[in-house]
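Working notes, beginning with the structure itself.
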Amino acid sequence: MNTKFETRINEDISLKFVKLLNRIFSRNKKPVELHEPIFDGIEHKYIKECIDTSYVSSIGKYVNKFENLISQYTKSPYSVAVVNGTVAIQVGLHLLGVKPNDEVLVPSLSFVATANAVVHCGAIPHFLDVDKKTLGINTNCLEDYLNEIAVIKNKNLFNKKTGRRISVIIPMHTYGHAVKIDKVLIIAKKFKLKVLEDAAEALGSFYKKKHLGTFGDVGILSFNGNKIITTGGGGALLTNNVKIFKLAKHLTSTAKKNHIWNFYHDQVGWNYRMPNLNAALGCAQMESLEKILINKRNLTLKYRKYFDRVNEFELFLEPDDCTSNYWLNIILLKKPNLILRNMILSKAIENGFKCRPVWTLLTKLPMYRNNPSMNIMIAKQLEKQIICLPSSSHLIK
Ligand SMILES: *Cc1c(COP(=O)(O)O)cnc(C)c1O
């Protein structure tokens with residue numbers, strides 16, 4: 001094929017993508033951002049109340065209220081609100097007994113925070129491949145892999161090659177789509193692994209009608225500005241274990257013993273408790289959650305209407321047994337077009353559509369390049385295929 005001709009075809013595909021977005025968002029103002037929060041509820045009133053009463057920091061009624069709202073919505077018996085999702089993972093791993101020099105199983109396709117939190121516990125991320133159908137940990141090859149590389153001794157799993165203990169697995173629900181979490185739980189039990197569910201992107205997503213983040217020993221949510229709802233910055237730990245709950249609350253608030261006036265701390269704790277001001281924003285956002293989720297599903301329907309008619313791009317749809325929040329809608333590029341990802345992204349962004357690629361695989365980042373990893377064929381392919389589409393809930397109105 002001559003190169004001029006190739007360039008033409010490539011440009012045609014990029015232009016086709018931009019044209020499609022122009023039609024979908026003909027009535028929206030540009031630029032169309034990837035994911036913006038929406039504050040059209042009672043946010044101002046709750047925030048003002050914090051300021052007026054001076055309860056903006058670690059004491060105030062909104063933190064407990066927010067935790068109750070999260071527990072009610074997710075049906076998690078306990079939840080603990082913290083300053084962000086990353087520290088929620090870190091504290092969760094600590095409470096599941098992760099020790100320095102342990103290995104923790106992490107999907108190679110995830111936001112960097114998942115692996116960083118492991119390192120902040122002194123442990124070592126060990127990377128896994130993902131599944132084309134779910135974008136999360138590939139359960140088809142996990143059992144064989146662990147049988148091959150690891151061995152159980154004294155009720156602990158050890159990496160045969162490194163000699164290190166493998167203590168926890170972190171399934172992450174990519175873009176709000178559920179991992180085959182029941183399979184993960186079965187394999188984890190067999191191999192003596194604890195499960196920390198990274199449901200940072202999955203508030204409002206369910207697997208077989210059960211909220212994501214409530215399957216593992218600990219689950220975490222994030223309320224960063226770009227997530228389904230936001231507290232400015234924030235996160236939560238979910239658990240049904242009362243001991244973990246109490247310790248999480250204690251350790252994230254400097255391990256201070258409750259007393260009217262005395263300062264007594266019985267451990268090295270963290271100052272990770274969510275401030276009242278952030279929780280007030282969260283309480284207001286929770287009142288809008290159902291509406292946000294409906295709008296997001298309607299946006300996906302709209303994308304389907306347009307993308308169903310083209311062959312070059314495949315809109316990703318929720319996997320079996322999952323009701324997804326569709327945090328980010330994505331398309332997958334198909335075979336001869338995998339080299340076009342960057343060109344399509346540049347063209348879209350140039351034209352005011354803030355599309356994004358998936359994260360660079362964690363195994364390619366300088367600090368994780370030499371970490372233990374399985375063969376991550378599918379993750380490598382998905383990295384070339386995924387383009388994230390503008391997905392703010394207000395785009396549909
Ligand atoms: C956002 C996110 C986090 C971290 O949450 P922060 O609140 O930003 O610290 C962790 N894991 C995944 C998969 C995320 O998307």
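All ligand and atom numbering here is 1-based and tracks the order in the structure. For reference, positions follow the sequence shown, starting with 1.
Nearest protein neighbour of atom 13 (C) of ligand 1, counting heavy atoms only, is Glu201 OE2, 3.3 Å. Shortest contact from atom 5 (O) of ligand 1 to any protein heavy atom: Ser222 OG, 3.3 Å. Among protein heavy atoms, atom 4 (C) of ligand 1 sits closest to Thr86 OG1, 3.6 Å.
Not a single heavy atom of Gly233 sits closer than 4.0 Å to an atom of ligand 1. Ligand 1 has at least one atom lying under 4.0 Å from a heavy atom of Lys227.
Annotation: Met377, atom CE; neighbour count of heavy atoms from other residues, nucleotides and ligands within 6.0 Å does not exceed 12. In this structure, Lys249 places its NZ atom where more than 12 heavy-atom neighbours from other residues, nucleotides or ligands lie under 6.0 Å away. Around the NZ atom of Lys75, the shell of radius 6.0 Å holds no more than 12 heavy atoms that belong to other residues, nucleotides or ligands. Counted within 6.0 Å of OH on Tyr55, heavy atoms from surrounding residues, nucleotides or ligands total 12 or fewer; the atom is thus considered open.
Remark: ligand 1 atoms within the under-4.0 Å shell around heavy atoms of Met172 are 13 (C). For ligand 1, the atoms sitting less than 4.0 Å from at least one non-hydrogen atom of Gly234 are 7 (O), numbered in the order shown with element in parentheses. The ligand atoms of ligand 1 that sit less than 4.0 angstrom from a heavy atom of Thr114 are 11 (N).
Of the listed residues (Asn84, Thr231, Asp198), the one carrying the non-hydrogen atom nearest atom 10 (C) of ligand 1 is Asp198. For atom 6 (P) of ligand 1, the candidate residues are Ala236, Gly176, Gly85, Ala113; the nearest heavy-atom contact is made by Gly85. Looking at Ala88, Ala200, Pro107 and measuring to atom 3 (C) of ligand 1, the nearest heavy atom belongs to Ala200.
Ring centroids of Phe66 and Tyr46 are separated by 6.0 Å or more, keeping the two rings apart.
Taken from CG in Asn226 to CG in Leu328, the straight-line distance is 7.5 Å, to the nearest 0.5 Å.
The two residues Val118 and Pro125 make their nearest non-hydrogen contact at CG1-N, 3.7 Å.
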Hey, mind stepping through Glu103 and Asn159 against side-chain hydrogen bond (donor to acceptor under 3.5 Å, both in side chains) and telling me if it holds?
-> CA-CA 8 Å; Glu103 290 180 16; Asn159 184 331; 3.0 Å; yes

